[in-house]
S.K.: 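The structure is given below, and queries will be raised subsequently.
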Amino acid sequence: MQLRFALLGLAAPAALSCDTQQELEESRVRTPTIHNGQGASPSVGMAAPLTLIPQDAGAESAACLDGSPQGFYFAPSATNSTKWTILIEGGGWCYDEDSCLSRSKSDLGSSLNWAPTSGCGCMNVKDDATADDVDPIDHNCNCLYLRYCDGASFSGYRADPWPVPSSPGSTLTFRGIKNFDAAVDAALHLGMSAATDFVLTGGSAGGLSTFLHADRVAAKLPATATVTAAPVVGYFLDHGNYAETDANYTAWMKYIYSMQNLTFASDGGLSAACQDLYPEDPHYCFMSPHMHPAIETPYYVFNSKFDSWQLQNELQTTWENDDEKAAVLQYGVDFDEQFKGVVAEEGNGGFITTCICHGCAWDQLELEGRNSLQHYADWRLGRVGGEDAFKIDARGPNGDGTIDLDSCAAF
Ligand SMILES: *[C@@H]1O[C@H](CO)[C@@H](O)[C@H](O)[C@H]1NC(C)=O
Ligand SMILES: *[C@@H]1O[C@H](CO)[C@@H](O)[C@H](O)[C@H]1NC(C)=O
Ligand SMILES: *[C@@H]1O[C@H](CO)[C@@H](O)[C@H](O)[C@H]1NC(C)=O
């Protein structure tokens, strides 16, 4: 039984630093199998081997923050399927040189201690999934689980090592977009060049990566392939914090933009289609609520409007008193407001829960009597379209207290 990771971080006092808070949450959102909603046993690749991408001395090589090789786990289909999923690992971001240096000594910044095998989780939909099928996912896909070790959702690139001012002699390697491109190229050689049905997915920071890079991988796939994206808990609001200080998430993302040299060049990590949208605020192209109009690939958003990571790290509350609770309710209103832009775009879909979760139990969360994966399949198979493809819980936190799942934090 896959653990559903209780949100222990919620009990933490407000004074707990964001980095510590983030580490707590990260340790719960990295496991790949939780992101596809299946929880237990993906039917492919329980023992997919680790492949490390070869490096040379050049400045183009894929690399983790510590300079070690980037890598992935690949589980080929047992049935010669031409369906493919690339599942991108999550794990937050490092917002400055110091936090990147400490990350470079962990599995989120170095491949030195990565496990030799891992599972993966398909997000392709069965062609013949019926509306009643409570598990419409086709688990026989070719599944590539892409490890995350660059700290910036696969978007940075610096040719040369970057110094850490507080630690003379220490350097960081920023090669996120090279990591993404190298893994996609490896997948193409492994048979993805013949894909007929492709899904890019990932949770948390991997959900942001999914928004950011869906079009990039789509451009390398056969024009005949059906290409979609399924960002999971990757819709991080542009939002200030409860205390209204300048230590807010948007400011942190802006610093990453400059530190990691995020650019719109063809070999840079941001979508060129976003470049003209925010000339004064180019870092908005690193934030899903701002950059989504640039995305051409159809996508389906799995998210909570009361995402527990966002409430802790963006709103920076533990909602223990009435004022904080009111701020959480307002956060849900603000989510609806920002998300309107996604709903207005033709071709997309989404399932927005009010469960207070970040590692959400997507196979158990229901609206209109059916789980999120069933609604996802309706969208993918064309059974719904337009605004009907969005199922947005209109209630307050945890469905006004009626959603009784361990993975929803108490309110
Ligand atoms: C998969 O393809 C290989 C090579 O084309 C073939 O040898 C094998 O029999 C196929 N397996 C299945 C289950 O169709
Ligand atoms: C910043 O990124 C661009 C695009 O990838 C690249 O051409 C440029 O060399 C990078 N700058 C540095 C200092 O590495
Ligand atoms: C976030 O912080 C920056 C400065 O770091 C400030 O300019 C901005 O107004 C803040 N944003 C919000 C929404 O509070």
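Just so you know, ligand 1 is whichever comes first in the structure, and atom 1 is the first atom listed for that ligand.
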S.K.: For Gly240, take its heavy atoms, then give the atoms of ligand 3 lying under 4.0 Å from any of them.
M.R.: 12 (C), 13 (C), 14 (O)
S.K.: Give me each pair satisfying salt bridge (Lys or Arg N to Asp or Glu O under 4.0 Å) with a member in residues 189-204, each pair once, sequence neighbours excluded.
M.R.: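 Sorted pair list: Asp197-Arg380.
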S.K.: Holding to salt bridge (charged side-chain N to carboxylate O under 4.0 Å, His left out), I want the full list of residues that pass it with Asp238, two or more places apart in sequence or in another chain.
M.R.: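 If we apply the salt bridge (charged side-chain N to carboxylate O under 4.0 Å, His left out) test to Asp238, skipping adjacent residues, there are no hits.
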S.K.: Checking the N or O distance criterion of under 3.5 Å, is ligand 3 in contact with Asn248?
M.R.: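 There is such a contact, yes.
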S.K.: State whether the shortest distance between N or O atoms of Thr245 and N or O atoms of ligand 3 falls below 3.5 angstrom.
M.R.: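 In this structure, Thr245 places no N or O atom under 3.5 Å from an N or O of ligand 3.
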S.K.: Taking the side chain as C-beta and beyond, is there a heavy-atom pair between Tyr278 and Cys285 under 4.5 Å?
M.R.: yes
S.K.: Just the distances, no angles: every ligand 2 N or O to protein N or O pair closer than 3.5 Å, one line each.
M.R.:
residue, atom, partner, partner atom, Å
ligand 2, 2 (O), Asn261, ND2, 2.4
ligand 2, 5 (O), Asp267, O, 3.0
ligand 2, 5 (O), Asp267, OD1, 3.1
ligand 2, 5 (O), Asp267, OD2, 3.4
ligand 2, 11 (N), Asn261, ND2, 2.8
ligand 2, 14 (O), Ala159, N, 3.0

S.K.: May I ask you to decide if Met123's main-chain N or O and Thr201's side chain share a donor-acceptor pair within less than 3.5 Å?
M.R.: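 No, Thr201 side chain to Met123 backbone: no donor-acceptor pair under 3.5 Å.
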S.K.: Is a salt bridge present between Arg370 and Asp378, judged by a nitrogen-to-oxygen distance below 4.0 Å?
M.R.: yes
S.K.: Would you mind telling me which of Tyr331, Tyr249, Phe335 makes a ring-ring contact (aromatic ring centres under 6.0 Å, His included) with His239?
M.R.: Tyr331
S.K.: Can you give me every donor-acceptor pair (side chain of residues 214-226, partner residue at least two apart or in another chain, under 3.5 Å) with its distance?
M.R.:
residue, atom, partner, partner atom, Å
Asp215, OD1, Glu296, N, 3.2
Asp215, OD1, Thr297, N, 2.9
Asp215, OD1, Thr297, OG1, 2.6
Asp215, OD2, Glu296, N, 2.9
Arg216, NE, Asp181, OD1, 2.7
Arg216, NH1, Gly268, O, 3.2
Arg216, NH2, Asp181, OD2, 2.8
Arg216, NH2, Ser266, O, 3.2
Lys220, NZ, Asp185, OD1, 3.0

